[in-house]
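Every chain is numbered from 1 and lettered A, B, ... according to where its sequence line falls, protein lines coming before strand lines. Not measured: the values here are computed from a predicted model.
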Amino acid sequence: MYWSKTLIPTLREAPADAEIVSHKLLLRAGLIRKLAGGVYTFLPLGLRALRKVEQIIREEMDRAGANEVLMPALQPKEIWEQSGRAETASNVLFKVKDSSNREWFLSPTAEEVITTLAANEINSYRQLPKNFYQVSLKFRDEIRPRFGLMRAKEFIMKDAYSFDTTDAGAMASYQKMYAAYQRIFARCGLQAFPVEADTGVIGGSHSHEFMVPAETGENDVAYCEACGYAANIEKATSGLPKTAAREIGAAPEKFATPGVVTIEALSKDPYKVPANRQIKTLVYIADSQPILILIRGDDQLNETKLLAKTGAVVARPATVDEIVLLLGAKPGSLGAVYINFERFPDDVRNSLFEARKNILERDGISGFEKIKVYADERLQGANDMTTGANEDGFHLKNVSIERDIKVTAWFDLRTVSAGEPCAKCAQPLKIRRAIEVGHVFKLGTKYSEKLNATFLAADGSRQPCVMGCYGIGVTRTLQAVIEQGNDKDGIIWPLSVAPYQVCLTPLAVAPESEPMKLAEKIYAELTAQGVDVILDDRDERPGVKFKDSELVGFPIRLAIGEKALAKGEVEIKPRSGPVQFVKIADAVSTVLALVKTVYSR
RNA sequence: CGGAGCGUAGCUCAGCCUGGUAGAGCACUUGCUUUGGGAGCAAGACGUCGCAGGUUCGAAUCCUGUCGCUCCGACCA
């Protein structure tokens, strides 16, 4: 390609709405342009890089035995209702109506479509296992698009779906994809590592995310350098000991705490109750039912764990009004010792109970009379604890959680912090930010059962396919490559995904000038060898050409100037390496040798 | 959806407080000079100041509404 024939609108300054370095460079290097928030056009250079990432993904998916298909972006509402996700994934679904008022969803993923296909086309165990994938445009009704391609309303995703006859087979399919992902990200020049992950509304039993470490990422990963444990903070656990038991009195004791509504205030004079001897009581509305969550005072609730462990579809903190109706006190004085107004005489209690129940049920909240209490495992066996008395301005001490509180179930509900001992090897955990570029799930039979994707087994029985699904955010991966590879001058592409591998830079471009004639000759030779070359034929000053080639980040620049030519030489400069002058006759072979170092930046 | 901020030339921004003929740098066009690290000089083109309404003799500027964008939070396959 000749530079003057394509469109590479480089910018000296980044548009004001670009926040992170990779977003700025995507715009400055002329790879993308924004049409609207979270919606971008890929310009020629950006599309070339994107296609290279896609090609790597296709090669590795094919190598792993997956078959490429292309499924509709426009999906009928009915199949989403059948899987149950019309409701559970409702907040991210783009919904459209056609002229006859029929509802459609713009595909954020394709479990329903592929499972419907399998239901129709796969009948026998002889046809399994199978793995189908596609690379296509996906839509998500992001409430807040951010960081360019990182979180967009519209993006390119590779999604794959495996179908097996047995659980063990599904596990093998999962491992194949896991290995393919490691190859894919390595070939893209990315340092991506797998971490244990929550399965979210996709569901399933087993899941890893592939993470690219970056301060601008939107995920926190807990990891152990000693044993290799790594997990999304939403899933991570640690090996902290349970709260120590002590000698205490026979019953909880109420004491006045006027104006004290925080853990911190109660830990100070005159009360001096350390946060780790307090029980924090949180009220949530989970699937329209009130629940209490008990966490140690110095811990933080992990809402993802709450949903995962309780099986709730949606949960939100209760409002202050709801809390007063439920427990009779405002936040700051809440506890789970007396949750049904035991402190009142029976007749008063019953009338309060009925009145409040009616109001809550009017607002769609049910199960008031039997509030479930979920407690974090770290509180198991804890006594000599202090918690709210469900009476404004009062707390209870001498609380033994097992004796005084009716806990419905114990779960790991807390968020781990850096420095806690690893659950596997006791070394201190670290936490860092990362970009999620891929996700693999073992789904099991959740979708195949709901959408009737069954097969006839060798023994004649009809069984649901055991499924897995595997996603890679292609456009996000592209941006992650830039986020990880840049310096003050611009992008540093790995050879594998660079829009062009070599930038030929003649410093005189008149058709009959020596630099231009030599550039055209080298261009022809490199192109014939299968190298992606761009020839900067613009009549610009050398400084402009050098700055642009570094901003765009071509891995190898071959400059041809009058001075070096007079000595029979040209100048070859890797994007992040030293300049070398080579004889004209050796120029092509030197470049070819550099291009062979496929995995290097 | 809550909180904050911003919408002026293709890009970065000034002007707004204190109303009075629309500005700068970069980019663009033409000419001359220059030619190994984002050139110099000269000339030129580019704007319904996001949109709508209001106040006023007069609004980029003040008021109201609205749309869009960004940040923080909530949310997130």
Side-chain angles (χ1 to χ4, degrees), chain A residues 9-20 23-24 27-28 30 33-39 80 83 85 88-94 105 107-112 138-148 150-153 155 157 159 161 197-204 207 209 217-219 232 234 303-304 307-308 314-317 319 436-441 443 446-447 469-473 476 489-490 505-510 513 515 536 538-552 557 559-566 569-571 573 579 581:
Chain A
T10 57
L11 300 171
R12 195 181 295 202
E13 291 173 287
D17 56 9
E19 192 70 9
I20 63 175
H23 186 194
K24 287 179 183 171
L27 293 163
R28 287 190 57 209
R33 282 296 181 265
K34 183 171 80 172
L35 178 63
V39 180
W80 285 78
S83 72
R85 290 205 301 175
T88 58
S90 178
N91 51 345
V92 296
L93 280 171
F94 253 110
F105 296 152
S107 173
T109 177
E111 280 80 8
E112 283 78 5
K138 298 296 193 299
F139 301 86
R140 194 175 301 174
D141 191 3
E142 285 290 350
I143 56 181
R144 188 177 162 199
R146 240 188 285 214
F147 302 150
M150 283 295 179
R151 189 198 285 223
K153 288 188 187 247
F155 54 96
M157 185 166 107
D159 45 326
Y161 307 89
D198 179 62
T199 52
V201 299
I202 277 209
S207 174
E209 289 165 337
E218 298 194 73
N219 296 270
N232 191 309
E234 296 175 343
E303 289 191 14
T304 306
L307 290 177
V314 287
R316 62 167 174 86
T319 64
E436 179 193 346
V437 288
H439 205 156
V440 292
F441 293 89
L443 285 174
K446 172 178 169 177
Y447 293 91
C469 73
Y470 318 93
I472 291 179
R476 179 185 284 186
D489 295 315
T505 309
L507 298 179
V509 297
S513 68
D536 189 352
R538 295 174 302 166
D539 186 13
E540 288 285 355
R541 302 168 64 83
V544 173
K545 294 185 163 201
F546 292 150
K547 286 288 186 192
D548 270 349
S549 77
E550 282 153 16
L551 174 57
V552 175
R557 182 176 68 215
I560 304 167
E562 306 273 9
K563 287 177 191 164
L565 263 193
E569 292 178 338
V570 296
E571 171 189 322
K573 184 183 180 308
V579 174
F581 290 90

- Message: Under 3.5 Å, is there any donor-acceptor pair linking the side chain of E550(A) to the base of rG37(B)?
- Response: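 Such a pair is found, so the answer is yes.
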Measure the distance from [atom1] on [X] to [atom2] on [N] and round it to the nearest whole Å.
{"X": "L93(A)", "N": "rA77(B)", "atom1": "CG", "atom2": "P", "result": "12 Å"}
{"X": "K153(A)", "N": "rC75(B)", "atom1": "NZ", "atom2": "C1'", "result": "13 Å"}
{"X": "E562(A)", "N": "rG36(B)", "atom1": "CD", "atom2": "P", "result": "10 Å"}
{"X": "D141(A)", "N": "rA74(B)", "atom1": "CG", "atom2": "C1'", "result": "15 Å"}
{"X": "F94(A)", "N": "rC75(B)", "atom1": "CZ", "atom2": "C1'", "result": "15 Å"}
{"X": "L565(A)", "N": "rG36(B)", "atom1": "CG", "atom2": "C1'", "result": "13 Å"}
{"X": "H23(A)", "N": "rC11(B)", "atom1": "NE2", "atom2": "C1'", "result": "14 Å"}
{"X": "D548(A)", "N": "rC26(B)", "atom1": "CG", "atom2": "C1'", "result": "14 Å"}

Mark yes or no for whether [X], through its side chain, and [Y], through its backbone, hold a donor-acceptor pair below 3.5 Å.
{"X": "K446(A)", "Y": "S83(A)", "result": "no"}
{"X": "R28(A)", "Y": "L11(A)", "result": "yes"}
{"X": "R33(A)", "Y": "P9(A)", "result": "yes"}
{"X": "K545(A)", "Y": "R538(A)", "result": "yes"}

With a non-hydrogen cut-off below 4.0 angstrom, is [X] in contact with a base, only sugar-phosphate, or nothing?
{"X": "G37(A)", "value": "sugar-phosphate"}
{"X": "K34(A)", "value": "sugar-phosphate"}
{"X": "R28(A)", "value": "base"}
{"X": "A16(A)", "value": "sugar-phosphate"}
{"X": "A14(A)", "value": "sugar-phosphate"}
{"X": "P15(A)", "value": "sugar-phosphate"}

Taking all heavy atoms of [X] and all of [Y], pick out the closest pair and write down the distance.
{"X": "A508(A)", "Y": "E562(A)", "value": "CB-OE2, 4.1 Å"}
{"X": "F441(A)", "Y": "D198(A)", "value": "CE2-O, 4.3 Å"}
{"X": "T109(A)", "Y": "W80(A)", "value": "O-CZ2, 3.9 Å"}
{"X": "R140(A)", "Y": "F94(A)", "value": "O-CE1, 3.4 Å"}
{"X": "P108(A)", "Y": "M157(A)", "value": "O-CE, 4.0 Å"}

Between [M] and [N], how far apart are the [atom1] atoms? Round to whole Å, please.
{"N": "rG7(B)", "M": "rC49(B)", "atom1": "P", "result": "15 Å"}
{"N": "rG44(B)", "M": "rC57(B)", "atom1": "P", "result": "39 Å"}
{"N": "rC63(B)", "M": "rC75(B)", "atom1": "P", "result": "36 Å"}
{"N": "rA59(B)", "M": "rG19(B)", "atom1": "C1'", "result": "6 Å"}
{"N": "rC72(B)", "M": "rC26(B)", "atom1": "P", "result": "33 Å"}
{"N": "rA9(B)", "M": "rG15(B)", "atom1": "P", "result": "15 Å"}
{"N": "rA24(B)", "M": "rC6(B)", "atom1": "P", "result": "24 Å"}
{"N": "rC17(B)", "M": "rU21(B)", "atom1": "C1'", "result": "22 Å"}

Can you tell me which nucleotide in [options] comes closest to the side chain of [X]?
{"X": "E13(A)", "options": "rC11(B), rG36(B), rA77(B)", "answer": "rC11(B)"}
{"X": "H439(A)", "options": "rG38(B), rA77(B), rG37(B)", "answer": "rA77(B)"}
{"X": "E303(A)", "options": "rC69(B), rC75(B), rC13(B)", "answer": "rC75(B)"}

Using the 3.5 Å cut-off, write out each protein N or O paired with an N or O of nucleotides 32-35 of chain B and the distance between them.
residue	atom	partner	partner atom	Å
rU34(B)	O2	R541(A)	NH1	2.6

Comparing nearest nucleotides in RNA chain B, the 5'-proximal residue of the pair R557(A), R151(A) is R557(A)
Of E436(A) and D489(A), the one whose nearest nucleotide on RNA chain B sits closer to the 5' end is D489(A)
* Give, for atom CZ of R85(A) and atom CZ of F105(A), the distance between the pair rounded to the nearest 0.5 Å. =>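 Those atoms lie 11.0 Å apart.
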Interatomic distance, CG@D548(A) vs CZ@R12(A), rounded to 0.5 Å, equals 9.5 Å
For [N], which nucleotide is its Watson-Crick or G-U wobble mate, given both distances must be under 3.5 Å?
{"N": "rG7(B)", "result": "rC67(B)"}
{"N": "rG31(B)", "result": "rC41(B)"}
{"N": "rC76(B)", "result": "none"}
{"N": "rA24(B)", "result": "rU12(B)"}
{"N": "rU56(B)", "result": "none"}
{"N": "rG36(B)", "result": "none"}

Which atoms of nucleotides 1-10 of chain B (N or O only) lie under 3.5 Å from a protein N or O atom, and what are those distances?
none

Practice problem: May I ask you to verify if any side-chain N or O of R12(A) is less than 4.0 angstrom from the OP1 or OP2 atom of rA27(B)? | Solution: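 Answer yes for this pair, as a side-chain N or O of R12(A) is under 4.0 Å from OP1 or OP2.
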| field | Listed partners of E19(A) passing side chain to side chain donor-acceptor pair (under 3.5 Å), at least two apart | value |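 Applying side chain to side chain donor-acceptor pair (under 3.5 Å) to E19(A) gives none.
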